[in-house]
Amino acid sequence: MELTRRRILATGGGLGVGLLLTACGSGPRRAAAGDGPATGPPRRGGTLRVGAVGKASAVNRDPHGVQVNDSDYLILALAHDPLTVPGHRPNVVPRLAARWESDDLRRWRFTLAEGATFHDGTPVTGADVAWSLRRLRATPAGATRLPGIDAGGIKADGRNAVILTSDYPNSEVPLLARLTTFTLKEDTTDVTRAPGTGPFRLESFRDGNARLVRNDAWYGGEPPLDAIEVRMFESPQAMTSALLTGQIDLASNVGPVAARTAEGRDGVQVIRRPHDLAMPIVMRTADGPFADERVRLALRLAVDREAMVRQVLSGYGTVANDVLGTADPAYATGLAQRARDLARAGRLLDEAGFDRRGTYELFTTEDVPGLAESATLFATQMRDAGVNVKVVKQESAVFWDKTWLKAPLYTTYWGTNDSVIFFAGKTMQSGTAHNEAAWKDEEFDRAYRKAVGATRGTGRATALRELQRVEYESSGYLLWGMADGIDLAAAGVGGLPRLPGYGRVQLERSWLSA
């Protein structure tokens with residue numbers, strides 16, 4: 001997306017390039033383990049069987065709800081289009097919105113893609129989009145998904161556009177429109193049966209499992225696959241076993257243990273998506289034992305980052321440097337990489353008067369692969385600095401209700417790591433409702449306001465560097481590493497997404513070899 005001093009404009013004429021395919025044979029195909037890696041131009045046809053983690057008790061079919069299950073989000077993302085989607089460079093590219101523009105960074109106009117229709121053939125209108133965004137904004141999570149944009153700031157602009165008005169200048173509005181800005185028909189009452197706009201149409205759904213068929217009228221061009229079947233698994237281990245025994249063709253987001261199991265096996269692809277998952281340690285800064293900046297720095301210096309990546313992630317990741325948003329094209333590289341320094345850590349703890357006789361609880365969950373393991377290894381490493389950490393594992397519901405945003409020390413995780421500004425606004429600036437470390441820093445807030453209120457010029461770049469410097473020096477995050485996203489696929493599957501985070505659900509270009 002190109003930004004000038006007065007106007008920010010993104011155009012999306014090339015969304016369907018490479019998808020307008022001619023038929024190559026007939027009849028359904030499935031990937032065969034012995035076929036070898038899929039090569040050559042995409043082939044048309046076949047049913048891709050995809051596994052994704054989920055629990056029957058947590059199934060949520062509301063496109064604007066909170067999807068705890070990977071399987072639910074995958075199904076919704078195949079059937080419904082957000083306004084924008086993740087890209088590589090830039091990290092925001094068009095989807096249902098073909099282009100967007102703003103003269104003042106407050107009032108944004110999104111123009112819909114030409115030919116966009118619902119699965120029943122009804123044209124998508126600006127009124128449909130505006131109604132859907134207002135519905136999203138009214139959900140419990142809506143305020144965090146569209147911060148600074150209330151219901152009154154969302155209006156249709158003619159038949160094929162919508163206006164989003166922010167309370168403050170915000171250059172990141174197109175990025176905020178990426179995730180669950182799914183569009184339903186205006187005044188929809190049964191959202192679970194509502195037709196979508198996406199590349200695949202829901203044909204059947206039962207107990208968290210679904211079959212979706214190609215939307216031949218999709219404005220982005222016909223996807224190569226005839227259909228996608230999504231099967232829900234309660235654990236990555238069960239899903240991996242299904243892939244290795246040929247029951248599914250693609251195991252989505254299985255984690256590093258599965259990658260280690262499958263590495264080198266004939267007929268199996270290990271797909272690595274760098275910078276996919278952040279699992280930082282959060283240290284509460286407002287009060288308690290980690291309120292002193294010197295204590296927080298001591299813990300950052302006491303951690304052995306290389307060992308964490310090697311043992312927790314089985315090497316499927318990279319060392320990080322305490323700043324969130326590592327895949328951002330504007331990510332700062334000038335910050336010195338922190339290395340383990342137990343001597344300095346000890347001095348800092350002594351200067352701060354830190355009580356090394358006490359025991360400090362580190363709360364964690366098993367929500368994502370490696371999270372609880374990271375807490376256990378971190379606690380072991382802290383003993384070398386004389387800090388006694390006790391790991392407390394909690395059930396997911398208890399953790400998010402009782403611990404998150406409240407405890408002095410806990411783990412968290414984030415699966416969208418391509419925007420420094422996203423994390424600054426969502427989890428760190430003083431006004432956010434989800435300030436995970438209860439951190440308030442006027443210097444950081446000023447840099448954030450400058451960054452979101454500037455176009456892509458020298459001023460914005462300077463503000464982003466300052467933002468990251470302050471975060472690096474004094475925030476409540478200890479980000480030791482970044483996990484790769486890991487998908488396992490049969491050899492005959494091609495065109496799989498390589499982007500981190502929610503980029504993994506963009507399967508409209510995937511295909512099966514003959």
Side-chain angles (χ1 to χ4, degrees), residues 30-31 33 48-60 67-75 206-210 228-274 276-279 308-317 364-378 391 393-399 411-415 481-493 496-497 500-502 504-505 507:
R30 296 193 183 278
L48 181 69
R49 303 165 299 171
V50 184
V53 172
K55 294 183 179 180
S57 61
V59 167
N60 186 345
Q67 282 79 44
V68 177
N69 290 339
D70 263 11
S71 52
D72 289 340
Y73 189 78
L74 174 58
I75 293 166
R206 183 177 180 181
D207 301 328
N209 304 300
I228 294 179
E229 293 176 355
V230 178
R231 180 177 170 187
M232 184 175 68
F233 292 86
E234 291 216 348
S235 72
Q237 293 79 13
M239 184 166 56
T240 301
S241 295
L243 184 284
L244 296 178
T245 55
Q247 299 174 53
I248 58 176
D249 307 311
L250 173 63
S252 177
N253 213 31
V254 294
V257 173
R260 186 175 57 206
T261 300
E263 194 76 65
R265 290 197 179 216
D266 290 339
V268 177
Q269 301 179 65
V270 178
I271 309 297
R272 298 177 66 163
R273 294 178 282 103
D276 183 74
L277 182 69
M279 294 186 285
M308 294 284 282
V309 171
R310 185 172 61 252
Q311 296 181 48
V312 175
L313 304 180
S314 298
Y316 291 96
T364 190
T365 72
E366 295 180 320
D367 282 2
V368 296
L371 187 64
E373 292 80 0
S374 74
T376 299
L377 182 55
F378 176 80
V391 175
K393 295 182 184 179
Q394 293 182 322
E395 292 294 326
S396 182
V398 174
F399 177 86
T411 64
T412 188
Y413 60 93
W414 289 91
M482 288 297 305
D484 292 345
I486 304 292
D487 304 323
L488 301 182
V493 183
L496 291 172
Y502 294 113
R504 71 179 181 275
V505 301
L507 296 176

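Worth knowing before you read on, the calculation uses all heavy atoms, side chains too, and leaves out hydrogens, waters and symmetry mates. Just so it is clear, the model here is predicted, and its values are computed rather than measured.
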task: Take Y73 and V68 through the test side chain to side chain contact (heavy atoms under 4.5 Å, CB included) and record every step on the way to the result.
output: CA-CA 8 Å; Y73 189 78; V68 177; over 6 Å; no

Taking C-beta and beyond as the side chain, do [X] and [Y] meet within less than 4.5 Å on heavy atoms?
X: D249; Y: V50; answer: no
X: V257; Y: P236; answer: no
X: R231; Y: Q247; answer: yes
X: S374; Y: M308; answer: yes
X: E229; Y: L48; answer: no
X: D487; Y: R273; answer: yes
X: V270; Y: L488; answer: yes
X: L496; Y: L250; answer: yes

Nearest heavy-atom pair of [X] and [Y]: which atoms, and what distance?
X: P369; Y: M279; answer: O-SD, 4.0 Å
X: F233; Y: G51; answer: CE1-CA, 3.8 Å
X: S235; Y: A238; answer: OG-N, 3.1 Å
X: A372; Y: E366; answer: CB-CG, 3.8 Å
X: G54; Y: S71; answer: CA-OG, 3.8 Å
X: A259; Y: I486; answer: CB-CG2, 3.5 Å

- request: May I have the step-by-step check of side chain to side chain contact (heavy atoms under 4.5 Å, CB included) for T364 and V391, ending in yes or no?
  value: CA-CA 7 Å; T364 190; V391 175; 3.8 Å; yes

Could you state the interatomic distance from [atom1] ([X]) to [atom2] ([Y]), rounded to the nearest 0.5 Å?
X: N209; Y: I75; atom1: CG; atom2: CD1; result: 7.5 Å
X: M232; Y: L74; atom1: CE; atom2: CG; result: 12.5 Å
X: W414; Y: T412; atom1: CH2; atom2: OG1; result: 6.5 Å
X: D367; Y: Y413; atom1: CG; atom2: OH; result: 3.5 Å
X: T411; Y: L371; atom1: OG1; atom2: CG; result: 3.5 Å
X: R265; Y: E263; atom1: CZ; atom2: CD; result: 11.5 Å

message: Test side chain to side chain contact (heavy atoms under 4.5 Å, CB included) on N69 and K55; report intermediate values, then the result.
response: CA-CA 7 Å; N69 290 339; K55 294 183 179 180; 4.3 Å; yes

message: Test of understanding: with salt bridge (charged side-chain N to carboxylate O under 4.0 Å, His left out), list the residues that count as partners of R260, not counting sequence neighbours.
response: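 By the salt bridge (charged side-chain N to carboxylate O under 4.0 Å, His left out) rule, R260 matches no residue at all.
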
For [Y], is there any backbone N or O sitting under 3.5 Å from a side-chain donor or acceptor partner on [X]?
X: D72; Y: Q67; answer: no
X: R49; Y: G246; answer: yes
X: D276; Y: A483; answer: no
X: Q269; Y: A490; answer: yes

task: Apply side chain to side chain contact (heavy atoms under 4.5 Å, CB included) to the pair M482 and L277, showing each step before the final yes or no.
output: CA-CA 6 Å; M482 288 297 305; L277 182 69; 5.6 Å; no

Donor-acceptor pair between D70 and N253 side chains, under 3.5 angstrom: yes

query: Mind checking what makes side chain to side chain contact (heavy atoms under 4.5 Å, CB included) contact with P497, not counting sequence neighbours?
result: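 Checked P497 against side chain to side chain contact (heavy atoms under 4.5 Å, CB included); matches are L507, S510.
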
